Amino acid sequence: MFKIISRDKESKARSGVLTTAHGDIPTPIFMPVGTAGTVKGILQRDLTDDINAKIILGNTYHLYLRPGTEILKTAGGLHKFMAWDRPLLTDSGGYQVFSLTGNRKLTAEGAIFKSHIDGSRHIFTPENTVDIQRIIGADIIMAFDECAPWPCDYNYAKESVALTHQWLDRAVERFTSTEPLWGYEQFLFPIVQGGTFDDLRRISAEKIASVGLMGNAIGGLSVGEPAEDMYRIIDIVNEILPDDKPRYLMGVGTPSNLLEAIDRGIDMFDCVMPTRNGRNGMLFTGEGTINIRNRKWIDDFSPIDTDTPSIVSNTYSKAYLRHLVMAGENLGAQIASIHNLAFYLKLVGDARKKIEEGNFRPWKEQMVKVLSVRL
RNA sequence: GGGGAGAUACCAAAGCGGCCAACUGGGGCAGACUGUAAAUCUGCUGGCGAAUGCCUUCGUAGGUUCGAAUCCUGCUCUCCCCA
């Protein structure tokens with residue numbers, strides 16, 4: 001269940017708490033991506049004790065291929081398998097239908113795809129992705145959708161929305177006719193699609209709202225379209241999605257994207273950016289964004305970022321982190337990932353605080369300026 | 001003392017008469033990354049220039065040739081084998 005705690009007066013921003021079987025999630029929240037049952041390079045202990053991540057993601061496609069549902073079932077679900085007792089959310093594999101273009105074929109039945117690991121053939125359907133996510137046992141599971149590419153023409157987007165809606169009905173049917181395997185409740189979130197076409201987004205949002213699930217997601221954004229298009233679509237969709245349910249903007253995004261979306265009434269985010277870009281040397285800090293590989297940091301012995309409350313951000317210097325990253329040392333990727341996630345978690349935590357204090361807008365505007373700085 | 005091999009850009013290493021400012025790695029410099037087929041990918045890496053381009057380079061000094069990193073000679077240095 002979802003409870004709104006407070007609302008900002010100048011914007012659509014709100015703070016709330018989403019209660020799941022594995023704990024409460026304060027919103028707005030950012031969810032670190034842990035595709036294959038691991039937030040790459042980071043111990044679960046650091047996610048809880050240092051970063052204080054409230055919920056992380058897993059991915060149906062990756063976990064289904066490896067280790068496979070048999071092992072996950074024997075393990076007792078993903079929580080037990082990966083020794084994570086906080087909330088989990090799994091994506092349905094819909095994004096892989098998008099990103100593995102060329103390795104898959106869409107039919108009315110579902111998506112036939114080839115494994116990127118061994119080339120073997122598989123099919124995902126709205127039904128079996130619910131079944132798999134029942135086995136994985138995430139607290140929040142996603143309906144199987146088609147994440148259409150950008151740019152894409154109107155007719156393609158229209159058919160894609162229609163397909164996603166048909167799939168949603170079937171997923172809901174399977175979801176409501178089956179029980180959780182592990183004795184606790186799971187929530188199914190449906191996903192709004194429609195590309196950058198306002199009318200398709202309206203149609204899709206109305207459909208998704210009408211299903212009346214515990215929370216709703218917006219997909220198919222930040223796939224290459226200009227940020228203004230994304231913000232416009234969020235405005236349109238959030239006007240229609242129920243206000244008393246959490247809204248999850250999938251795959252977004254940059255720190256500025258998060259703030260702009262929170263401003264427009266989004267409550268949940270996930271993105272690979274803090275981890276992937278961190279591994280590749282990009283650091284988000286309270287003073288701006290830095291590329292730690294740049295020579296200028298070679299003898300900067302100041303802490304990575306004293307504004308970010310992670311142990312690594314305050315313990316290790318930029319010069320040291322640069323050395324690790326340049327030397328290709330594992331620890332560099334680890335420190336950068338932990339730091340960036342801590343930065344993201346602090347950002348959404350601050351947003352929540354500012355909403356409750358009633359000064360979200362001015363703070364947001366100030367932050368967006370800082371975030372655009374390249375050091 | 002005798003015999004042999006070799007000296008190429010920051011490092012390693014190709015090239016053995018013109019297509020060479022010089023393959024390829026590494027290193028260096030910069031960029032990209034948004035529900036993770038990514039600890040990945042891209043560009044640049046002698047000087048000047050926006051650029052056609054111009055200038056200086058392949059141990060060193062000469063020579064042969066229309067033309068040399070590539071062929072010849074002297075010198076310097078390095079490595080290996082034999083005594």
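No experiment lies behind these values; they were computed from the predicted model shown. Naming convention: chains lettered A, B, ... in sequence-line order (proteins, then strands); numbering from 1 in each chain. Only heavy atoms go into these numbers, but all of them, side chains included; no hydrogens, no water, no symmetry mates.
With both ends at atom P, the span from G15(B) to U24(B) equals 14 Å, rounded to whole Å.
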Test log, rule salt bridge (charged side-chain N to carboxylate O under 4.0 Å, His left out), inputs D350(A) and K346(A):
CA-CA 6 Å; D350(A) 283 353; K346(A) 166 130 190 314; 2.9 Å; yes
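Heavy-atom neighbours of N294(A) CG from other residues, nucleotides or ligands within 6.0 Å: above the threshold of 12. Within 6.0 Å of the CD atom in E239(A), the count of heavy atoms belonging to other residues, nucleotides or ligands does not exceed 12.
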Dot-bracket pairing map - RNA chain B, Watson-Crick plus G-U, both contacts under 3.5 Å, | cross-strand:
((((((((.[[[..)..(.....]]]((((((.......))))))(((....)))...[[[[[..)....]]]]]))))))).
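Computed from coordinates, the N277(A) CG to U34(B) P distance equals 8 Å when rounded to whole Å. Counting to the nearest Å, the P atom of G35(B) and the OH atom of Y248(A) are 9 Å from each other.
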Polar atoms only, N or O, under 3.5 Å: list the protein pairs with nucleotides 39-42 of chain B and their distances.
residue : atom : partner : partner atom : Å
A39(B)  : OP2  : R279(A) : NE           : 3.2
A39(B)  : OP2  : R279(A) : NH2          : 3.2
A39(B)  : N1   : N330(A) : OD1          : 2.9
A39(B)  : N1   : N330(A) : ND2          : 3.3
U40(B)  : N3   : N280(A) : OD1          : 3.4
U40(B)  : O4   : N280(A) : OD1          : 3.0

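Between the side chains of S310(A) and H339(A), not a single donor N or O lies within less than 3.5 Å of an accepting N or O. Residues Q186(A) and D139(A) bring no donor and acceptor atom of their side chains to less than 3.5 Å of each other. Checking Y184(A) against H22(A) by side-chain atom types alone, no donor-acceptor pair falls below 3.5 Å.
At the heavy-atom level, M326(A) lies under 4.0 Å from the strands shown only through sugar-phosphate atoms. The residue R374(A) sits close only to the backbone: its heavy atoms come under 4.0 Å of sugar-phosphate atoms, none of a base. Among the protein residues, E225(A) comes within range of no part of the nucleic acid, since none of its heavy atoms lies under 4.0 Å from any strand. Nucleic acid contact class of Q334(A) (heavy atoms, under 4.0 Å, all strands): none.
Applying the 4.0 Å criterion to OP1 and OP2 of A37(B), one finds that Q96(A) has a side-chain N or O inside that range. In this model, the phosphate group of U36(B) is approached by a side-chain N or O of T35(A) to a distance below 4.0 Å at OP1 or OP2. Contact check, R276(A) against U36(B): no side-chain N or O comes under 4.0 Å of OP1 or OP2.
Screening D131(A), N128(A), T129(A) against R174(A) for a side-chain hydrogen bond (donor to acceptor under 3.5 Å, both in side chains) leaves a single residue, D131(A). Just one of F144(A), F98(A), F113(A) meets the ring-ring contact (aromatic ring centres under 6.0 Å, His included) condition when paired with Y61(A); it is F113(A).
Remark: R264(A) qualifies as a cation-pi partner of Y231(A) under the 6.0 Å distance and 45° angle criteria applied to the six-membered ring.
Non-hydrogen atoms lying under 4.0 Å from RNA chain B are contributed by H116(A), all within residues 112-126 of chain A.
For G35(B), the base has no donor-acceptor partner in the side chain of N59(A) [N/O atoms by modelled type, under 3.5 angstrom].
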